[in-house]
Engineer: 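Have a look at this one before I ask anything.
A quick note: this is a predicted structure, and the numbers were derived from the prediction, not measured.
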Amino acid sequence: MIRKLDPTTHCFTKVSAGAISIKAGTQVFVAGRLITFAAATAAAIDTGALAAGTDYALYVTAGGLVLFSANHTSPTGYTTTSAAKIGGFHYANGGNAAAQAGGDATPAINEYSIWDEKFRPTSSDPRGMTLVAGAFWADIYLLGNNQIVDGSSKFGATIADGSSPPKIATLFGGNSTDTYGALKWWHANEVAVSVGKQLLSYAEFCAATFGTTEQTNVTGGLDPVTTQRDTEHTSKWGLMQATGNMWIWGAGELLNPTTPTVAAWLSTGTGIDARGSMYIYGAEGIKMPLFGGDWGTGAYCGSRSVYWNYAPSYSSNSIGARFRCDHLLLP
């Protein structure tokens with residue numbers, strides 16, 4: 001349990017690309033003791049060195065040390081009794097976008113991924129998530145195909161798509177081994193629900209992917225296969241492969257008219273608004289949105305790119321998923 005001077009933010013400060021400290025005035029109950037930090041106190045890694053693409057848990061020990069560890073149960077040399085887990089962060093394999101041209105290749109703590117027990121995602125597993133504009137949390141990485149073990153957002157995972165489908169969620173009849181055999185909209189939604197998350201709405205997608213390099217797909221135009229840094233397509237909040245890598249299933253639906261009102265690509269604007277295109281087409285029926293553009297979509301990709309063409313029963317090796325959840329703020 002923690003007490004903070006400012007309950008509207010987390011109790012940590014990113015000091016540099018690889019350093020973090022607990023804020024002055026923070027109090028932590030651990031092993032029956034109240035630890036008070038009168039001054040900002042630097043956190044140290046429990047063992048080894050920082051590894052890019054890794055989620056770290058932050059602990060306070062009964063002796064008053066602040067540690068971070070890749071072990072999310074307890075730091076090396078301690079138990080769940082002698083060290084209290086009070087937060088965490090993601091050490092990304094590259095920096096966030098500073099403008100609208102993607103990020104950089106320097107590993108760094110993603111400042112928007114920092115959380116504590118009273119300032120965090122509503123999902124029970126906060127790993128691999130980043131806070132978008134202080135409003136909601138989004139997965140840093142595309143969904144991987146072994147999400148039951150890895151969680152829904154992990155660096156270096158095989159991207160879940162129609163050719164590499166995710167495991168069937170155990171809450172919906174899965175046995176931790178069998179896959180869906182495809183990645184239809186229904187599957188993506190089911191996996192999201194099983195981890196306490198949801199598909200992004202169009203409005204949320206537009207916000208979460210701001211900062212990506214607009215109207216471009218991944219360099220080389222090939223299937224990215226794994227979750228990784230694509231420097232050009234990192235967003236302000238640190239979403240990796242934010243656009244131009246995989247279409248992702250989105251929340252919302254469109255009941256197509258018999259005669260579609262738009263039967264081609266429609267630009268979202270010019271100049272500062274040139275941030276991807278929309279496509280609406282198809283016979284009468286429910287169509288689910290796809291966001292962002294894939295590795296071969298070229299200038300149609302972007303933070304406002306949306307494609308309304310496929311029913312929820314469709315699956316493809318170019319369609320993946322990315323999830324979101326609400327922001328939890330406790331006094």
Engineer: Please say which of Asn110, Asp55, Thr54 ends up in a side chain to side chain donor-acceptor pair (under 3.5 Å) with His90.
Structural biologist: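 The passing option is Asp55.
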Engineer: Is there a side-chain contact between Thr170 and Ile148, using heavy atoms and a 4.5 Å cut-off?
Structural biologist: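 Heavy-atom side-chain distance check passes, below 4.5 Å.
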Engineer: To the nearest 0.5 angstrom, please state how far the OG1 atom of Thr209 sits from the CD atom of Gln100.
Structural biologist: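 Those atoms lie 10.5 Å apart.
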Engineer: Give a yes or no answer on whether the side chain of Trp185 reaches the backbone of Gly250 with a donor-acceptor pair at less than 3.5 Å.
Structural biologist: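 Indeed, once roles are kept as given, a pair shorter than 3.5 Å links the two residues.
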Engineer: Can you give me the closest heavy-atom contact between Ser318 and Asp294, atom names plus distance?
Structural biologist: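 Taking every non-hydrogen atom into account, CB-OD2, 3.2 Å.
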Engineer: Could you see if Val28 belongs to whatever hydrophobic cluster contains Tyr56? Use Ile, Leu, Val, Met, Phe, Trp, Tyr and a side-chain cutoff under 4.5 Å.
Structural biologist: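 Same cluster.
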Engineer: What's the shortest heavy-atom distance between Asn93 and Pro107, and which atoms?
Structural biologist: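 Reported closest heavy-atom pair: OD1-CG, 4.1 Å.
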Engineer: Within the structure provided, determine whether Phe12 and Ile86 are in side-chain contact (heavy-atom separation under 4.5 Å).
Structural biologist: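 When only atoms from C-beta onward are counted, Ile86 and Phe12 do touch, with a gap below 4.5 Å.
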Engineer: How about His327 and Trp137: do any of their side-chain heavy atoms sit closer than 4.5 Å?
Structural biologist: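 Of all side-chain heavy-atom pairs linking Trp137 with His327, at least one is under 4.5 Å.
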Engineer: Look only at the side chain of Tyr59 and the backbone of Ser82, and say whether a donor-acceptor pair between them is shorter than 3.5 Å.
Structural biologist: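 Checking the backbone N and O of Ser82 against the side chain of Tyr59, no donor-acceptor pair under 3.5 Å is found.
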Engineer: Of all heavy-atom pairs between Met129 and Cys325, which one has the smallest distance, and what is that distance?
Structural biologist: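 Met129 and Cys325 have their closest heavy atoms at CE-SG, 3.8 Å.
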Engineer: Take Ser164 and Asn145, measure what side chain to side chain donor-acceptor pair (under 3.5 Å) needs, and give me the verdict at the end.
Structural biologist: CA-CA 6 Å; Ser164 302; Asn145 70 349; 4.7 Å; no
Engineer: Where do Asn309 and Tyr314 land on the side-chain contact (heavy atoms from CB on, under 4.5 Å) test, with the steps shown first?
Structural biologist: CA-CA 10 Å; Asn309 191 38; Tyr314 187 74; over 6 Å; no
Engineer: Do Tyr307 and Trp265 have ring centroids that are under 6.0 Å from one another?
Structural biologist: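 Yes: the rings meet the under 6.0 Å criterion.
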Engineer: Check the hydrophobic clustering (I, L, V, M, F, W, Y; side-chain heavy atoms under 4.5 Å; chains of links allowed) and say if Tyr180 and Val195 are grouped together.
Structural biologist: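 Result: yes, single cluster for both.
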Engineer: With a 4.5 Å cut-off on side-chain heavy-atom distances among I, L, V, M, F, W and Y, is there a chain of contacts connecting Phe155 to Leu50?
Structural biologist: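 The answer is no; the residues belong to distinct hydrophobic clusters.
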Engineer: Quick check against the 3.5 Å criterion: does Tyr202 have a side-chain atom that pairs as donor or acceptor with the backbone of Arg304?
Structural biologist: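 Yes.
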Engineer: Is there side-chain contact between Thr297 and Trp247, with at least one heavy-atom pair below 4.5 Å?
Structural biologist: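 Of all side-chain heavy-atom pairs linking Trp247 with Thr297, at least one is under 4.5 Å.
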Engineer: Between Asp6 and Lys23, does at least one N-O distance fall below 4.0 Å, as a salt bridge requires?
Structural biologist: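 No salt bridge links Asp6 with Lys23.
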Engineer: Can you tell me if Ser235 uses its side chain to pair, donor with acceptor, with the backbone of Ala208 under 3.5 Å?
Structural biologist: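 Confirmed, Ser235 side chain pairs with Ala208 backbone.
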Engineer: Ignoring hydrogens and angles, tell me if any N or O in the side chain of Lys118 forms a donor-acceptor pair with the backbone of Pro331 under 3.5 Å.
Structural biologist: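 At least one qualifying donor-acceptor pair exists.
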Engineer: Roughly how far apart are Leu290 CG and Phe205 CZ, rounded to 0.5 Å?
Structural biologist: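 The CG atom of Leu290 sits 10.5 Å away from the CZ atom of Phe205.
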Engineer: Asp139 and salt bridge (Lys or Arg N to Asp or Glu O under 4.0 Å): which partner among Arg324, Lys197, Lys154?
Structural biologist: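 Result: among Arg324, Lys197, Lys154, Lys197 is the only option passing the salt bridge (Lys or Arg N to Asp or Glu O under 4.0 Å) with Asp139.
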Engineer: Taking His72's backbone N and O only, do any of them form a donor-acceptor pair with Lys85's side chain (distance below 3.5 Å, no angle check)?
Structural biologist: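 Yes: the side chain of Lys85 pairs with the backbone of His72.
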Engineer: Would the distance check show the side chain of Arg322 and the main-chain N or O of Ile140 forming a donor-acceptor pair, the cut-off being under 3.5 Å?
Structural biologist: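 Checked: pair present.
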Engineer: Just wondering, do Val30 and Thr61 contact through their side chains at under 4.5 Å, heavy atoms?
Structural biologist: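 No, every pair of side-chain atoms sits at 4.5 Å or beyond.
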Engineer: May I ask you to test the Leu330-Glu117 pair for a side-chain heavy-atom distance under 4.5 Å?
Structural biologist: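 No, too far: nothing below the 4.5 Å cut-off.
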Engineer: Cluster question for you: counting only ILVMFWY and a side-chain heavy-atom cut-off of under 4.5 Å, with indirect links fine, are Leu5 and Phe37 together?
Structural biologist: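 No; Phe37 is not reachable from Leu5 via cluster members.
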Engineer: Relative to the ring of His10, is the ring of Phe119 parallel (under 30°), tilted (30 to 60°) or perpendicular (over 60°)?
Structural biologist: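 The rings of Phe119 and His10 stand perpendicular, inter-plane angle above 60°.
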Engineer: What's the shortest heavy-atom distance between Thr234 and Asn96, and which atoms?
Structural biologist: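 So the minimum-distance heavy-atom pair works out to CG2-CA, 4.2 Å.
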Engineer: Is a side-chain N or O of Ser201 found less than 3.5 angstrom from the main chain of Glu204, in a donor-acceptor match?
Structural biologist: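 Present.
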Engineer: Under 3.5 Å, is there a donor-acceptor pair between the side chain of Ser305 and the main chain of Gly276?
Structural biologist: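 No; judged by distance alone, with no hydrogens or angles, the pair does not exist.
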Engineer: For the side chain of Trp249 and the backbone of Leu183, is there at least one donor-acceptor N/O pair under 3.5 Å apart?
Structural biologist: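 Yes; at least one donor-acceptor contact below 3.5 Å.
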Engineer: Considering all heavy atoms of both residues, which atom of Gln147 and which atom of Pro166 are nearest to each other, and what is their separation?
Structural biologist: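 Smallest heavy-atom distance, with atoms named: OE1-CB, 3.3 Å.
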Engineer: State, to 0.1 Å, how close Ala43 and Leu58 come at their nearest heavy-atom pair, and which atoms those are.
Structural biologist: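 That closest heavy-atom pairing would be CB-CD2, 4.0 Å.
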Engineer: Nearest 0.5 Å please: distance from the CZ atom of Phe136 over to the OG1 atom of Thr130.
Structural biologist: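 The distance works out to 10.0 Å.
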Engineer: Aromatic ring centroids of Phe89 and Phe68 under 6.0 Å?
Structural biologist: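 Centroid distance Phe89-Phe68: below 6.0 Å, so yes.
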Engineer: Kindly compute the distance separating OG (Ser69) from OH (Tyr78), expressed to the nearest 0.5 Å.
Structural biologist: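 One gets 11.5 Å once the value is rounded to the nearest 0.5 Å.
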Engineer: Only one of Lys236, Gln215, Glu214 passes side chain to side chain donor-acceptor pair (under 3.5 Å) with Ser303; say which it is.
Structural biologist: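 The single option meeting the side chain to side chain donor-acceptor pair (under 3.5 Å) with Ser303 is Glu214.
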Engineer: Can you confirm whether Arg229 sits close enough to Met240 that some side-chain heavy atom of one is under 4.5 Å from a side-chain heavy atom of the other?
Structural biologist: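 Answer yes - side chains close enough.
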Engineer: Evaluate Thr243 against Thr212 for side chain to side chain donor-acceptor pair (under 3.5 Å), listing each step before the verdict.
Structural biologist: CA-CA 7 Å; Thr243 61; Thr212 188; 2.8 Å; yes
Engineer: Assess the residue pair Thr219 and Glu232 against the criterion (side chain to side chain donor-acceptor pair (under 3.5 Å)); give the C-alpha distance rounded to whole Å, side-chain angles, the decisive distance to 0.1 Å, and a yes or no.
Structural biologist: CA-CA 9 Å; Thr219 300; Glu232 288 186 311; 3.1 Å; yes
Engineer: Would you check, one step at a time, whether the test side-chain contact (heavy atoms from CB on, under 4.5 Å) holds for Asn175 with Ile168?
Structural biologist: CA-CA 7 Å; Asn175 58 9; Ile168 300 172; over 6 Å; no
Engineer: Nearest 0.5 Å, what's the CG-CG distance between Leu222 and Asn245?
Structural biologist: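 The CG atom of Asn245 is 11.0 Å from CG of Leu222, to the nearest 0.5 Å.
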Engineer: Hey, could you give me the CG/CG distance between Leu143 and Asp150, rounded to the nearest 0.5 Å?
Structural biologist: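 So the gap between those two atoms works out to 10.0 Å.
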Engineer: Quick one: do Trp237 and Tyr91 end up in the same hydrophobic cluster if we chain Ile, Leu, Val, Met, Phe, Trp and Tyr together by side-chain heavy atoms under 4.5 Å apart?
Structural biologist: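 Per the 4.5 Å side-chain linkage, Trp237 and Tyr91 are not co-clustered.
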Engineer: So Trp115 and Leu131, do their side chains get closer than 4.5 Å, heavy atoms only?
Structural biologist: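 The answer is no, as the side chains (C-beta and beyond) never meet within the 4.5 Å cut-off.
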